[in-house]
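This one's a predicted model, so the numbers in the text were calculated from it and none came from an experiment. Sequence lines set the chain letters: A, B, ... in the order given, protein chains first and strands last, and positions in each chain run from 1.
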Amino acid sequence: MNPHARPGGPSRRSRTVLVSVAGLILAILAEACSAALVGLSGWFIASSAVAGASAYSVFSYLAPSAGVRAFAVGRIATSYASRVALHSAALRRISAARLRFYDRAAAESGTHGTWSGQALDRVMADADTRGMALIQATAPMVVAGAMTVGGCVAITLGGYPLVAVILAAAAGVCATLGICTARRMDDGSRTRSVLRIELVTAVGAWAEMASLGAAGQLAHRTLRRLATFEGHRFHLAVMAARMQGAARAVTAAALLLTVVLAEEGGAAVSTLVLLALLTAGVMINAERLVAATGAWALAGQAGERLASGGSDPIRRPSPAPVVRATYGHRGLTVSGYRLPGTPTRSARPVEFAVAAGETLVVTGASGNGKTTLLNAIATALRQPGIQPTTGDVTAVLADDYLFTGTVATNVRLASPTASDAGISDLLTSMWLDRNGLHPSTKIGVGGRALSGGEQRRLHIARALATQPGALLIDEPTTGLDTSTAAHVLIAVRRRLPDAVLVLAMHELPADTAALGSTWSALSLD
Amino acid sequence: MRTRKQREAANLPGTPRGWLDAAAAPGRISLRLAATFQVLETVFTIVQWAALAWIAQNVLGRRAPTWPELGVLFTGGLLAGGSAWSAARLQAAGRQRISSGIRHRLVAALLPSRQRRDEPDAAMAALAIVELTDDVAGYHAQALPQRLSAPVSMAVIFLVTAAVQWPAAVILVLSSVLIPLNMRLAGLLAQEGADERVGASTRLGAVVLDSFRGMRTLQSIGAVTRRRDELAGADARLNAMTMAIVRRAFISGSVMDVVITFSIAINATYIGLSLLGYVRLGAAPAMTLSTGLLALLLCPMYFQPLRAMATAYHARERALAAAPPIIALTETDAPPDVGGLAEPPPAGPIAVVLTGVTFRFPHSDHPVLHAVDVTAHAGRWTAIAGPSGAGKTTLLSLIAGTREPTTGTVRWVARTASSPPHLRGCSWIGQQTVLLPSSIRDNIRIGRPAASHAEVEHAVAAAGLADVVARLPEGLDTPLGEGGSGLSTGEARRIAIARAFLRDAALWVLDEPTAHLDPRAEAKVIDALHNATRGRTVIVATHSAALARSADTVLTITGGTIHTTPEAIPA
């Protein structure tokens, strides 16, 4: 769909297109067989009736009844094949949409907050809607178009151009009804999103209103908003129902006119039945246009949301504090950071430089901005342009994430060439072997099978695998006892003898020898 | 014993299934009517086809169709369309009634008019009210009428066919016998591999969620592309498995197709050959074009309702998944309704005394607050600082009486008497101000509707809103739109202050009243607060340095205990 996207490369994309087109053609054939089956059956019965009524008839039932069987088999085969092909193509499109969204999220560096599972579910549902539009919107629209054109051509060739005109006009009216529906169609995701925010506010404001004795009024107001929302949805549903009913009325009129015109045109009874059943067959497809265009509009809205990164506050970006950070062979320099004031501290500027092989310990009570500072530096260093390679600076942040899988899959994300022996070695240096961790140990969803201290050490081990030139670690010793904490600090320095280390800690370790020979401290208190 | 009890509980109304059925009650009448119209649609479609068959018979006899015949053909179609329209409309109405019923219950539980012991998860509440409710209502609106109308519609078609050509009805019966067999087959085919698919889809879900949650980690360790390959791989595996299942499911769908298609073909052949005179069943009624054609046209209609019913399966799954969270939110063990103030707060300045207060959430091992002994002195400002999640809001709700301590006591103490805390006895101002869609005056008078004009003016002045009101063309009568449009967040917060001032409580409990404000707006709100609370006891939780500086005492919560910050912080 999108020529600029690159999910899976061009061959995969062209295969998807190929499968979609094959599925659509098969869907047209299936519907054509279906209409032909009913039409031919009707013609066959009528012809049989004519032949049966006359004394000397040359009517051969063999050819038409063979035709009926052929269409029956054709209908079964093509409808199976088209369903399989269309589903296969739709699933491919869903995958492509997911990957496109992943690429977009990856491109927006730095500003990520947390993704809630619910918000992500909504994004994935949008990807589904977008992919399934092939089955719910494109296929019925293409089939209706093809059936109308095919039916009109066949009827014109049969000598009833007026009937063909009526059929075309009726299908056109159905298409117009569909477009009217689509115009007013709204999946309500914007309204829902606003409503969700208002509800969160109302739940949050309950205490304030209740202390005023006005909780009843708050509930009343909330219910009124909900009633408006429901009223709007009801209105849309009624509109869609009206359009669907109107389409049925159009079919009834088309059927009436077909019968009248065919009779006026002097059609034999078999031709009249055939024309009526063809009209009905085409119009069944035309009626589906109303629902299909609605689905098309919804898929379009889902696509727009995907393109803009989701309708909801999926990510809660905190305004990134301004900091200038540069890293080169001489070390890491940070300047231009203004530490905000808190109830126990006034605002002040912060700047520092750490040379290669040196350690800086940033200390401060929780809530005093250590994490914010480290995140800001990590983000500033990730900005493209100044740095030689991204691998050179690695950060272990407070919200570092372990991916569902094994210890080895997590380390190999950072360093794909890491051997099992190398990973075991890393685990040993972090004393994780003492907790019974192997490269093949499963760590559970998001690493939750590990204790907090184990998770932290695995974060550090993973970062060490990249052999960074500068390593920022937020709270390296959280959840560790004193001796393990000291060991971890020593091991980090031993693994990276010439690296710049920035450690954010609650307070200096009891044994500062663990920090090596050249270290300095910066207090944020 | 316990398991038997649990098993018994599975059938009680409180369980998802029982709850789901009960939730349909408000819309049941509309949906039953919708089912009736669905049956009528079938009936009128039969009339339409009967008219066509009748006309064909006449044309065979070289008689032009008469207007009554054409009229029946057209009217049948129109009425069928009208019935479809009415059914859809009634379904929408039933849906609205059901969702509105659930939403009323949710709102009543989440925003009760008197006491609320449990602080609900606001995001979950919003999801339940907006999305989950729709899942439940949508399922009922679709499935309930179908379940009622399908057997009736099929019976009507069967009876009409039997009346005009019973051999054709025999064919329908024979193919109906195949349907349960087919359902069974579909079930077997779907089950095989379904577990694998659930496994693959769970894995993909985990990979997707992991990938987005851990995006920053991926960026900092330079693994964005590697992770993408993994995502694509998991996706491809899921698709392959889904396709395998879909293929099998379509095979069972095709079996249904074979039944329908060959019913048509056999019917057509039998009718055609009977008309030609080649076949004659001894007891069968004489075949005519009209009866033959009608029997043929009704054949595909017979299977239509079954197909529609099959699609309701996923909606049901979704509705069942939506039920437990809604049940959890609506069935909070409601606190005994105290009906206003049990004990009126003592008159005069109030001090708040916490003695040995420990608070632990019901299902948590670690206490949020541990053995807290603190006094907030009467007529003074006490600020509570501490990192997010340290328990500031919990402490405030203990002080205001919206929660009860696990152990220890909280008392409001005046010079001569004391009382337990009660939300209605204090003024609470939170992070969010809700303005009702009425005038500024009514919004300020919300806590004391009988307040005089002079009192409102006084409150406006105390909250520093005089300039703002003077700027507005209609002054105090200016209507506020939804969400208080026309006022800034800081101005809305000052309206909250004016409201509280008018209520005139001796104790003010403020939960981050300057959150989301820029420094200038914050300064104005702090001024207004000081103005309005002269001589009152104020307890304020805050992250703001400016607000904390203006307090007499600053308490800091860390690790569940409270420390008093001894000296004032330099400005």
Student check: side-chain heavy atoms of [X] and [Y] closer than 4.5 Å:
{"X": "B/Leu52", "Y": "A/Leu277", "answer": "yes"}
{"X": "A/Arg412", "Y": "B/Arg226", "answer": "no"}
{"X": "A/Phe403", "Y": "B/Leu218", "answer": "yes"}
{"X": "A/Met209", "Y": "B/Leu111", "answer": "no"}
{"X": "B/Glu230", "Y": "A/Thr409", "answer": "no"}
{"X": "A/Leu257", "Y": "B/Phe74", "answer": "no"}
{"X": "B/Trp85", "Y": "A/Arg242", "answer": "yes"}
{"X": "A/Tyr102", "Y": "B/Arg227", "answer": "yes"}

Select one option (side chain, backbone, both, neither) describing which atoms of [X] are under 4.5 Å from chain A's heavy atoms.
{"X": "B/Ala93", "value": "both"}
{"X": "B/Pro300", "value": "neither"}
{"X": "B/Ala108", "value": "neither"}
{"X": "B/Leu70", "value": "both"}
{"X": "B/Leu296", "value": "side chain"}
{"X": "B/Gln48", "value": "side chain"}
{"X": "B/Glu41", "value": "side chain"}

Taking all heavy atoms of [X] and all of [Y], pick out the closest pair and write down the distance.
{"X": "B/Ala56", "Y": "A/Val273", "value": "CB-CG2, 3.8 Å"}
{"X": "A/Leu256", "Y": "B/Leu73", "value": "CA-CD2, 4.0 Å"}
{"X": "B/Cys426", "Y": "A/Ser211", "value": "O-CB, 3.6 Å"}
{"X": "A/Ala210", "Y": "B/Leu423", "value": "CB-CD2, 3.5 Å"}
{"X": "B/Asp257", "Y": "A/Ser79", "value": "OD2-OG, 2.9 Å"}
{"X": "B/Ala80", "Y": "A/Arg248", "value": "CB-NH2, 3.3 Å"}

* Asked: By side chain to side chain contact (heavy atoms under 4.5 Å, CB included), which residues pair with A/Thr191, not counting sequence neighbours?
  -> A/Asp186, A/Phe229
* Taking side chain to side chain contact (heavy atoms under 4.5 Å, CB included) as the test, write out the residues that go with A/Pro64, two or more places apart. => A/Trp43, A/Phe44, A/Phe59
Chain B contact via [X] - side chain, backbone, both or neither, heavy atoms under 4.5 Å:
{"X": "A/Thr222", "value": "side chain"}
{"X": "A/Val84", "value": "both"}
{"X": "A/Ser47", "value": "neither"}
{"X": "A/Leu397", "value": "side chain"}
{"X": "A/Arg233", "value": "side chain"}
{"X": "A/Leu413", "value": "both"}
{"X": "A/Ser88", "value": "both"}
{"X": "A/Ala219", "value": "both"}
{"X": "A/Ile45", "value": "both"}
{"X": "A/Met124", "value": "side chain"}
{"X": "A/Ala280", "value": "side chain"}
{"X": "A/Glu263", "value": "side chain"}

When only pairs under 4.5 Å are counted, which of [options] shares the most heavy-atom pairs with chain A?
{"options": "B/Ala385, B/Gly82, B/Gly430", "result": "B/Gly430"}
{"options": "B/Gly292, B/Ser100, B/Ala265", "result": "B/Ser100"}
{"options": "B/Glu131, B/Arg62, B/Arg89, B/Gln91", "result": "B/Glu131"}
{"options": "B/Gly77, B/Ala500, B/Ala268", "result": "B/Ala268"}
{"options": "B/Leu231, B/Val207, B/Val509, B/Leu79", "result": "B/Leu231"}
{"options": "B/Thr225, B/Leu547, B/Ile129, B/Asn267", "result": "B/Ile129"}

Reported [atom1]-to-[atom2] distance for the pair [X] and [Y], which is rounded to 0.5 angstrom:
{"X": "A/Arg92", "Y": "B/Met243", "atom1": "CZ", "atom2": "CE", "value": "9.0 Å"}
{"X": "A/Ser34", "Y": "B/Ile264", "atom1": "OG", "atom2": "CD1", "value": "7.0 Å"}
{"X": "A/Leu99", "Y": "B/Arg228", "atom1": "CG", "atom2": "CZ", "value": "5.0 Å"}
{"X": "B/Leu436", "Y": "A/Leu218", "atom1": "CG", "atom2": "CG", "value": "7.5 Å"}
{"X": "B/Arg499", "Y": "A/Glu208", "atom1": "CZ", "atom2": "CD", "value": "6.0 Å"}
{"X": "B/Ser211", "Y": "A/Phe101", "atom1": "OG", "atom2": "CZ", "value": "12.5 Å"}

Taking every heavy-atom pair that is under 4.5 Å apart, which of [options] has the most such pairs with chain B?
{"options": "A/Ala347, A/Ala268, A/Gly213, A/Ser415", "value": "A/Gly213"}
{"options": "A/Ala414, A/Gly245, A/Ala237", "value": "A/Ala414"}
{"options": "A/Arg98, A/Arg69, A/Gln244", "value": "A/Arg98"}
{"options": "A/Leu402, A/Ile76, A/Leu37", "value": "A/Ile76"}
{"options": "A/Leu91, A/Val38, A/Val68", "value": "A/Leu91"}
{"options": "A/Val396, A/Leu212, A/Val200", "value": "A/Leu212"}

* Would you indicate whether B/Trp49, at its atom CH2, is surrounded by more than 12 heavy atoms from other residues, nucleotides or ligands within a distance under 6.0 Å? => yes
* To do: Tell me, yes or no, whether the heavy-atom count around A/His220 atom NE2, taken from other residues, nucleotides or ligands under 6.0 Å, exceeds 12.
  => no
* **Full working for side-chain contact (heavy atoms from CB on, under 4.5 Å) between A/Tyr80 and B/Arg247** => CA-CA 9 Å; A/Tyr80 175 74; B/Arg247 252 189 226 115; 3.6 Å; yes
* Within the side chain of A/Trp206, is there an N or O that forms a donor-acceptor pair under 3.5 Å with the backbone of B/Pro112? -> yes
